[in-house]
Amino acid sequence: MKVRIHSQMVWMYMEGEKEMRSDSVTKGTGQAPHRSLFNALGYTEEERNRPLIGIVSSYNEIVPGHMNLDKIVEAVKMGVAMAGGTPIVFPAIAVCDGIAMGHIGMKYSLVTRDLIADSTECMAMAHGFDGLVCVPNCDKNVPGLLMAAARLNIPTIFVSGGPMLAGHVHGQKRSLSSMFEAVGSVAAGTMSMEELAEFEEKVCPTCGSCSGMYTANSMNCLTEALGMGLKGNGTIPAVYSERIRLAKHAGMKIMELVEKDIKPRDIMNEKAFLNALTVDMALGCSTNSMLHLPAIAHEAGVELNVDIANELSAKTPNLCHLAPAGPTYMEDLNEAGGVYAVMNELNKKNLLYTDLITVTGKTVGENIAGCINKNPEVIRPVENPYSETGGIAVLKGNLAPDSGVVKRSAVVPEMMVHEGPARVFDCEEDAIAAIKGGKIVAGDVVVIRYEGPKGGPGMREMLNPTSAIAGMGLGSSVALITDGRFSGASRGASIGHVSPEAAVGGPIALVEEGDIISINIPENSLNVKISDEEMAARKAKWQPREPKVTTGYLSRYRELVTSGNRGAILEVPKA
């Protein structure tokens, strides 16, 4: 039956009964020069007369999560061809956040999100593709391609490269966050160089996106929740053959989406983003999701204010404590039933909009029906959650008038409410030197500023300092606040995205060494204990810093980027 349906679909296109986007490059007398170039590429007339499906490949040889994408892309191509389409591959860039961490390279991570979206738009519009299959895996190219999909609004489906398997050291599962924390333990004298070398050899044992609920896996899981990826997209390990089968099914499914003209904005509407935020809260995703979801929504024409996060969190139980929040990993979530099982648990409390269409061609409710929770130790039942509130909290106060974000599910109980003296640093490197030099003590609140979207520029992740704090044994007594952001691998009282940022004169720029900072995560508050009059006096004296970068892409990015609470989207300044 499937063969007959696909054959009929191809015949329809050949007879011209359905106008296709690719007609602009394949049909008519005026397109004879275009067809001659297809001939130069080796495409046959039969291939030209089928729907042209662009496959956006993020394959490269520097990102562990991307080294297997050539295999995924080949499987997608086979699926497209089996279903009667012509697959055409083109590239997207990707940065490895782990390799870029802790040096100037991290300034170039978040900024690639917009490069990826822009370049994909260029390729898709220039070549008249009828549909897209996006093959991302890691931190910025998943949201970057989701942004492109929403902007282009042509039939699109996602299939990622999948997560890495957890490493094993001394009989315990480990991941990249363990590696960074091990460096802090060496600095503290609690781990030997020999032990560090063993961690180095074993914590990242396979290809794939790093094995905890870090940003890459968060966004791949949320792609399922948004309705843009098939079941298992976020959780099937990279090394499983099941991942290849998933890719073939994605290739076949795009042909159905093209035939029915189901587009990203049909799927990614306001309710879909609320579903994604709800699943985000239940999974305990990376705080970077609070940058990416508003940016994707913006491209889809949906206004997603981060303030709604607390409203959703108040009624959404946190069901998962994957690394770094707990001892379970993506492979465990997959075996427990994956994202759909989590969504099915949430649906017991009617927390999801279930009538929304997805890339499966079915509704959310139809997708998750019967997806049972196979391991209540990995996915807590809604009757027995880790907490009655969600995994992320948005904080506000005189230190963060617009907002700050914390991964509440990864904060130890004793740090949920904390007061301590500010230890102020104007860049990440100075803070790391102080932490590793033993200059930060229990009770301190480390403030790292001028690392925001404009101030960085590029809003660097602070995994090195948070890992150093944990490795030094201070994770349950020291907080960190920044206008930069955190890796999903960070844990502890790590509050990022503080807005307005220091570079535009936000209150974080006015904090002085020794000021008492008050953090109350249950009450969603973040304040510095100085008077309004003192704050105003400091503001009057404040002067903008000279930009750290004045040439190249980062300079252009700095001019266009907005604040963290708006998703660090790019916006042309008003005259």
Do we see a donor-acceptor contact under 3.5 Å between the side chains of [X] and [Y]?
X: Ser403; Y: Asn565; result: no
X: Asn288; Y: Ser218; result: no
X: Ser160; Y: Arg243; result: yes
X: Glu61; Y: Tyr59; result: yes
X: Asn233; Y: Thr223; result: no
X: Asn344; Y: Asn373; result: no

For the pair Asn367 and Thr358, evaluate side chain to side chain donor-acceptor pair (under 3.5 Å) and give the outcome as yes or no after the intermediate values.
-> CA-CA 9 Å; Asn367 287 342; Thr358 71; 2.9 Å; yes
Can a salt bridge be assigned to the pair [X] and [Y] using a cut-off of 4.0 Å between side-chain N and carboxylate O?
X: Asp280; Y: Lys407; answer: no
X: Glu559; Y: Arg556; answer: no
X: Arg50; Y: Glu47; answer: no
X: Arg566; Y: Asp402; answer: no
X: Asp97; Y: Lys140; answer: yes
X: Lys253; Y: Glu256; answer: yes

Take His292 and Arg113, measure what side chain to side chain donor-acceptor pair (under 3.5 Å) needs, and give me the verdict at the end.
-> CA-CA 9 Å; His292 299 324; Arg113 189 181 68 178; 3.1 Å; yes
Check whether any side-chain heavy atom of Val382 lies under 4.5 Å from a side-chain heavy atom of Leu319, and answer yes or no.
-> yes
Decide yes or no for Asp114 and Met147: does some side-chain heavy atom of the first lie under 4.5 Å from some side-chain heavy atom of the second?
-> yes
Any donor-acceptor pair under 3.5 Å linking the side chain of [X] with the backbone of [Y]?
X: Thr316; Y: Ser313; answer: no
X: Glu121; Y: Leu152; answer: no
X: Lys454; Y: Val561; answer: yes
X: His66; Y: Asn60; answer: no
X: Thr112; Y: Ser109; answer: yes
X: Thr120; Y: Ala117; answer: no
X: Asp130; Y: Met20; answer: no

Has Glu366 got more than 12 heavy atoms of other residues, nucleotides or ligands less than 6.0 Å from its CD?
-> yes
Kindly compute the distance separating [atom1] ([X]) from [atom2] ([Y]), expressed to the nearest 0.5 Å.
X: Glu461; Y: Ser286; atom1: CD; atom2: OG; result: 7.0 Å
X: Leu570; Y: Tyr557; atom1: CG; atom2: OH; result: 6.0 Å
X: Met459; Y: Ser563; atom1: CE; atom2: OG; result: 8.5 Å
X: Leu333; Y: Asn375; atom1: CG; atom2: CG; result: 10.0 Å

Check the pair Tyr553, Leu115 against side-chain contact (heavy atoms from CB on, under 4.5 Å), reporting the backbone distance first and the verdict last.
-> CA-CA 10 Å; Tyr553 179 61; Leu115 286 172; 3.6 Å; yes
Between Ile53, Val133, Val56, which is the residue that forms a side-chain contact (heavy atoms from CB on, under 4.5 Å) with Val76?
-> Val133
